[in-house]
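Working notes, beginning with the structure itself.
Each chain gets a letter, A, B and so on, in the order the sequences are listed, and its residues count up from 1. It should be emphasised that the depicted structure is a prediction, and the values quoted were computed from it without experimental measurement.
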2 protein chains.
Amino acid sequence: MATIKDVAQYAKVSVATVSRVINQNGYVNEDTRKKVEVAVESLNYKPNSVARSLFKKQSKTIGIIVPDITNPYFPELVRGVEDYLIQKGFTTILCNSDEDPEKERLYLDVMKQKYVDGAIIVSNTIERELIDGYDMPVVALDRSIHHDIPTFAIDNRDGGRIAAEHLLEVGCTRIGHIKGPDKVENADNRYLGYLDVVMHKDWFHSGYVVEGNFDQKQAVEVTKELLQNDREIDGIFAGNDTMALGALKAAESLNLNVPEDIAIIGFDGIDLTEMTKPELSTLSQPIYQMSREAAEALVALIEGELVQEKENIFPTTLIKRQSTKR
Amino acid sequence: MATIKDVAQYAKVSVATVSRVINQNGYVNEDTRKKVEVAVESLNYKPNSVARSLFKKQSKTIGIIVPDITNPYFPELVRGVEDYLIQKGFTTILCNSDEDPEKERLYLDVMKQKYVDGAIIVSNTIERELIDGYDMPVVALDRSIHHDIPTFAIDNRDGGRIAAEHLLEVGCTRIGHIKGPDKVENADNRYLGYLDVVMHKDWFHSGYVVEGNFDQKQAVEVTKELLQNDREIDGIFAGNDTMALGALKAAESLNLNVPEDIAIIGFDGIDLTEMTKPELSTLSQPIYQMSREAAEALVALIEGELVQEKENIFPTTLIKRQSTKR
DNA sequence: TTGAAAGCGCTAACAG
DNA sequence: CTGTTAGCGCTTTCAA
């Protein structure tokens, strides 16, 4: 690889001048600029980002921490981020945390050491104090971390309400809920939204809610139990799409028809929901848009703008499909 | 962040000594080592990887180029790579190429500038000459690039054969194939495997093969046509799982029962195949294992070992599920 | 066994 | 408008 020195020699100027033309700052005569440009071209010179990073203490790199890229919700999120960043000249480091605080720290340490310019974090466990220690711009995506860290998410409680109401509208009379893990804010809020709708129904009691841990297999099990305990249930709101799939399987194994015997709605709007039979109704999040805007905000932060809008709540969309058509 | 200088001052030694103890090379007295260790501890010193990279011309970072992380085949691939690399102290840059040679170049350029140590590439279009220009260790994953670049993949033709034979075994008498894009090696090979099995059947003619472009929506369309043109078809081998899903949908919309009226088998073994109804039979690739070994080989290459095994062909597994149970 | 010093490639004063 | 030079934080000769 040619260095700035080579270019300087070739163009018979100093390295400072070369630096000026490639960074387009400082005065430089039109003729010398031409000479340098020719040199850059002939030597196929590409500035060395590492040297630049060392000096500038920034790397044009950001990190994104997600629980697990293998979970179908995250690829689109990551894609939205990466698409925007590459276009702004940033490179994206992928970090799979498995929701493990230990790993999250490790990744944050590595980022700091590499002068990573900022991070986009999807996490339930990271604390604001930890982040402060790194002194690095951060935005929270999908779940909030602290109210003064810019957050890009949806209103989960409202979404839960909409989903539950939809089931009511299509004529369900007893609605169960497969809930995500306790203490996970998004799961809790979706549950609260559901409660808002059903709490005062005379049929409602806590037995209508089971814990599915955002996991398909577990959802199959708990849905079976739920359905066997109460034959009157004719609607299920699952806390995410993966569990909705589990519920679908459970219904099938009990020889219940969806949507005739039981309507099912999921949450998130991942592509999978279009692929099942019957196709799943779901409360869709604008995943790509949300993540893109999170990336925009992070870049703004990195470039020193102060982002005053801390809470960025995106609208959800109720997608009605076969699984709730009755 | 504390620098090596700070540590040296604190420990009252030179930076060279500090460097020696943190890198565990060169002689250093047990007592001074202790002093330095204390200093490192007290100052919470973490060596700056950027400075180190500048000197060493390597960055403990690798890039992985995939067509699109949003495509369900790739997250697991990426995960396999990332898991291994983080554990070996490497960081992973994610690159979505959309199979666009322009973007591939761009990413490779960026990698070079950042002293990225090597790349794992999934691409149909990248040429060996291009890679040579970057003078960087590379391994090919899922599809080969050139016979002297280490490749980690399966035997697609053999897989195609197994899938087609399975359909025959379960009693299919007319088997159609939804083929992936022309000129894409993996698609062509799966097709050839299918041909190996059916070519000499008296019923076979080219009308049994349609082009689905590895795309679900397109697969729905072409499968419908295929099935409407020839009512005798009772088995379909789709070139990947996504298209198998499309085929499933097409069958459904024509009121054909799977597997009774028509058996369907996919290819790849992505998680989705477990979630459909009926569950899809598929020819499963050891995605995680394959990608992990690719990462291992890349690290070996980076560390200067010469990897002599260029062709690493992994075994596939026929997974029999409901969609071919008859 | 340790320290001084050069240099990785680049940027940004500063001087001219 | 251009060149000289001092670092950015680290590693590694080379000498002591």
Side-chain angles (χ1 to χ4, degrees), chain A residues 1-40 43-61 89 109-117 135, chain B residues 1-40 43-61 89 109-117 135:
Chain A
M1 283 277 268
T3 74
I4 199 172
K5 234 171 162 177
D6 300 327
V7 177
Q9 246 153 29
Y10 189 105
K12 298 193 170 56
V13 297
S14 76
V15 293
T17 304
V18 176
S19 177
R20 285 189 193 101
V21 353
I22 62 179
N23 293 302
Q24 327 210 43
N25 70 16
Y27 299 92
V28 34
N29 180 350
E30 200 46 41
D31 287 351
T32 36
R33 153 172 278 105
K34 287 263 162 57
K35 277 198 302 187
V36 172
E37 276 164 357
V38 169
V40 166
L43 297 173
N44 187 28
Y45 170 71
K46 301 262 192 302
N48 178 326
S49 339
V50 174
R52 193 177 268 174
S53 291
L54 182 58
F55 185 88
K56 293 210 160 196
K57 297 188 189 313
Q58 33 169 292
S59 59
K60 283 283 188 177
T61 301
D109 279 347
V110 172
M111 288 186 205
K112 189 72 187 178
Q113 291 183 62
K114 295 204 172 171
Y115 282 152
V116 159
D117 299 334
D135 184 34
Chain B
M1 285 277 265
T3 73
I4 197 171
K5 235 171 160 174
D6 301 327
V7 177
Q9 248 153 28
Y10 190 106
K12 299 194 169 57
V13 296
S14 73
V15 295
T17 305
V18 177
S19 176
R20 285 189 193 101
V21 354
I22 62 180
N23 293 301
Q24 328 209 43
N25 68 18
Y27 299 91
V28 35
N29 181 344
E30 200 46 39
D31 287 350
T32 38
R33 151 173 280 104
K34 286 262 163 59
K35 279 199 302 188
V36 172
E37 276 163 358
V38 169
V40 165
L43 298 173
N44 187 25
Y45 169 72
K46 301 263 192 302
N48 177 325
S49 340
V50 175
R52 192 177 269 175
S53 291
L54 183 59
F55 185 89
K56 294 210 161 195
K57 297 189 188 317
Q58 32 167 298
S59 58
K60 283 284 186 174
T61 300
D109 279 348
V110 172
M111 287 186 205
K112 189 73 188 178
Q113 290 182 62
K114 296 203 170 172
Y115 283 149
V116 159
D117 299 334
D135 184 33

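Between A:N48 and B:Q113, the closest side-chain pair of non-hydrogen atoms is not below 4.5 Å. Using a 4.5 Å heavy-atom threshold, the side chains of B:N23 and B:R52 count as touching. In this structure, the side chains of B:V18 and B:V13 come closer than 4.5 Å at one or more pairs of heavy atoms. No side-chain heavy atom of B:V40 sits less than 4.5 Å from a side-chain heavy atom of B:Y10.
Taking every heavy atom of both residues into account, A:A8 and A:S14 meet most closely at CB-C, 3.8 Å. Heavy atoms only, all atoms of each residue included: B:D117 and B:Q58 are closest at OD1-CB, 2.9 Å. Closest non-hydrogen pair, B:V50 versus A:L54, comes out as CG1-N, 3.6 Å.
Residues B:K46 and B:N44 bring a donor and an acceptor atom of their side chains to less than 3.5 Å of each other. In this structure, a donor-acceptor pair under 3.5 Å is present between the side chains of A:T61 and B:K114.
Toward the 5' end of DNA chain C, the nearer of the two residues A:K56 and B:F55, judged by each one's closest nucleotide, is B:F55. Judged by closest nucleotide on DNA chain C, B:V28 is the one of B:V28 and A:S19 placed further toward the 5' end. Each of A:A51 and B:N25 lies near DNA chain D, and the nucleotide nearest A:A51 is the one positioned closer to the 5' end.
Near DNA chain D, defined here as any heavy-atom distance below 4.0 Å, the residues from residues 1-18 of chain B are B:T3, B:I4, B:A16, listed numerically.
Of all nucleotides in DNA chain C having an atom under 4.0 Å from a heavy atom of chain B, the first and last in 5' to 3' order are C:dT1 to C:dG9. Heavy-atom contacts of chain A under 4.0 Å fall on DNA chain D between two terminal nucleotides, which in 5' to 3' order are D:dC1 to D:dG9.
The line from CZ of B:F55 to OG of B:S19 is 9.0 Å long, rounded to the nearest 0.5 Å.
A:T32 comes within 4.0 angstrom of sugar-phosphate atoms only, judged by non-hydrogen atoms across all strands, and of no base.
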